[in-house]
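Taking it in order: structure first as structure tokens, then the write-up.
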There are 2 protein chains.
Amino acid sequence: MAAAEGVGRRQRRRQETIDEVLAVAAEVMAEAGAGGLALGEIARRMGIQPPSLYVYFDSKNAIYDAVFARGWQTLLDSMAPLGRRLDDTDDARALMLLISQHFVKWAVENQAYAQLMFWRPVPGFEPSEAAFAPAVEMSRRTTQLFAELQRRGVLRADADIAEATTAWTALISGVISQHLANEPTETFDDGRFTRLLPVLSSMFLTHYGPEREIR
Amino acid sequence: MAAAEGVGRRQRRRQETIDEVLAVAAEVMAEAGAGGLALGEIARRMGIQPPSLYVYFDSKNAIYDAVFARGWQTLLDSMAPLGRRLDDTDDARALMLLISQHFVKWAVENQAYAQLMFWRPVPGFEPSEAAFAPAVEMSRRTTQLFAELQRRGVLRADADIAEATTAWTALISGVISQHLANEPTETFDDGRFTRLLPVLSSMFLTHYGPEREIR
DNA sequence: GTCTATATGACGATAGAC
DNA sequence: GTCTATCGTCATATAGAC
């Protein structure tokens, strides 16, 4: 019993340290860019020596991996409430735009994560399969959302859902990429690319929608 | 006279060395990723010592800057013939797709350059104004192309050309980003995102085109 | 002008004492 | 679990040979 409790405490404390490492890492990445993460800087801010980090992570890339996974998981969690709104709303097209804007806004306001999630800024780092899981789940839910939109007649009955999902992904990631690369200090509301989302969303829904309006 | 010739030879030789450095740098970046460029590796392949590189470039970032400029200039030059075809063709919509495909294909086949041109993979490196010039010129020509398409009635008379240019840029860079990040080893023809270009192009032209077809 | 030789300080990573 | 010591590599700077 006492032994089991001891293990529990130790593990709890270990997890807390791991969480702190990741939080500080995200801080450093936000200031220096995703590729500018330095173990010495993490250690300095935590008041420990760099080698101590190796007690919790096997390598620098393992830290990147954990940050990558955490980013997708956080974004995924933040989108869940919006997805559930689909049951209430009668304007699925407007909700679609809201979802797109929420997604891009998160990326613009969490650029350290977004660089790692949407680009390959770190030579030699490739996310592990486990870290990729939340990203795959995001893709799954997006496909599911489009299938539901099709069921409701917002998307054409003969629309290729897999294709629509890929197209939407490319659209959104294009806006994010251009913002991060060309005007990273601009706010979501004022960005040249982020402001295009209503147009792009309407473009997308016109193409995959049930009928094309006559102007 | 002899002195002037001597200077000419020296400068020519200097320029040749500079060109060799940039070619080797692009090689290394293609293998290790844009952020994985190492001066020692450039020097090793050239058969010189790393400090010798400082005779030709002030810093590593100066090499990145030159590669960045060269990438945009090369892409720009490779697109010029396609742009001129606008005068001959009677199917401007098809040419529009060809141009998009050419652009993306170049990025997919020159990933070392593309990473530097479309992302920010190197902490602390921001392209100089001079290096940015060919990229600005590319944007200018794109705007010009769309204005011409509008003159010909391929784009709506009341379409916002600046907005259309930004939207097209976001679309294209979305395809490139997703390909580079998720399936960089896939060919242009087989890529999940690159294959979407006809759909995306049609989506774009439907939105900005003169009338929306009824399905 | 161009190169080599050498030095500096930061980095990621490892070994081993405590 | 944390430290010190250390290694190899990196970008960069300087001194000096040719």
Side-chain angles (χ1 to χ4, degrees), chain A residues 3 5-22 24-25 27-29 31-68 116 121-126, chain B residues 2-22 24-25 27-29 31-68 116 121-126:
Chain A
E5 269 184 26
V7 168
R9 255 198 306 277
R10 195 155 47 235
Q11 285 184 341
R12 200 159 41 245
R13 191 160 153 57
R14 184 181 165 80
Q15 188 55 51
E16 281 171 14
T17 308
I18 288 178
D19 288 342
E20 191 189 347
V21 171
L22 295 179
V24 174
E27 238 179 74
V28 176
M29 286 168 64
E31 296 168 23
L37 182 62
L39 297 190
E41 186 58 27
I42 299 178
R44 200 188 59 75
R45 297 190 190 199
M46 289 181 67
I48 62 172
Q49 294 302 314
S52 298
L53 292 169
Y54 284 82
V55 173
Y56 306 99
F57 293 94
D58 286 342
S59 66
K60 188 182 175 183
N61 275 356
I63 297 182
Y64 277 127
D65 208 48
V67 171
F68 181 94
L116 209 54
V122 182
F125 166 64
E126 249 189 306
Chain B
E5 269 184 26
V7 167
R9 253 199 306 278
R10 196 154 46 236
Q11 285 184 342
R12 199 159 42 245
R13 192 163 150 56
R14 184 181 166 82
Q15 188 55 50
E16 280 170 16
T17 307
I18 289 178
D19 288 342
E20 191 189 347
V21 171
L22 294 179
V24 173
E27 238 179 74
V28 176
M29 287 168 63
E31 295 167 24
L37 181 62
L39 297 190
E41 186 58 27
I42 300 178
R44 200 189 60 73
R45 297 191 190 198
M46 288 181 67
I48 61 172
Q49 296 302 314
S52 298
L53 292 168
Y54 283 82
V55 174
Y56 308 99
F57 294 94
D58 286 342
S59 68
K60 189 182 175 181
N61 276 356
I63 297 182
Y64 276 127
D65 208 48
V67 171
F68 181 93
L116 207 55
V122 182
F125 166 64
E126 249 190 305

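A note on names: the letters A, B, ... follow the listed sequences, proteins ahead of strands, and every chain is numbered from 1.
- Contacts between residues 14-22 of chain A and DNA chain D, counted as heavy-atom distances below 4.0 Å, involve A/R14.
- At whole-Å resolution of the value, CE in B/M46 and C1' in C/dT2 are 12 Å apart.
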For a quick check, with a 4.0 angstrom heavy-atom cut-off, what is the B/S/- contact string for nucleotides 4-18 of chain D, read 5' to 3'? BB-----SBBB----
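- Here the P atom of nucleotide C/dA13 and the OH atom of A/Y64 are 10 Å apart, to the nearest Å.
- The side chain of A/R10 lies closest to D/dG1, out of D/dC3, D/dG1, C/dT2.
- Residue pairs meeting the side-chain hydrogen bond (donor to acceptor under 3.5 Å, both in side chains) criterion with at least one member in residues 51-68 of chain A, sequence neighbours excluded, are A/D65-A/S128.
- Residues passing the side-chain contact (heavy atoms from CB on, under 4.5 Å) test with A/E126 are A/R120, sequence neighbours excluded.
- Looking at every heavy atom in both residues, B/F57 comes nearest to B/A66 through CE2-CB, 4.0 Å.
- No side-chain heavy atom of A/V24 sits under 4.5 Å from any side-chain heavy atom of A/E41.
- Atom CD1 of B/I48 is separated from atom P of C/dT2 by 12 Å (rounded to the nearest Å).
- Legend: residues meeting side-chain contact (heavy atoms from CB on, under 4.5 Å) with B/E27, ordered by chain and number and at least two apart, are B/R45.
- At whole-Å resolution of the value, CZ in A/F125 and P in C/dG12 are 15 Å apart.
- Between B/L37 and B/A25, the shortest heavy-atom distance links the atoms CD1-O, 3.7 Å.
- The residue B/Y56 sits close only to the backbone: its heavy atoms come under 4.0 Å of sugar-phosphate atoms, none of a base.
- The nearest whole Å value for the distance from the CZ atom in B/R13 to the C1' atom in C/dC3 is 11 Å.
- Remark: B/A43 engages B/I48, B/P50, B/L53 in a side-chain contact (heavy atoms from CB on, under 4.5 Å) (not counting sequence neighbours).
- Counting only heavy atoms from C-beta outward, the side chains of B/E16 and B/R12 approach each other to under 4.5 Å.
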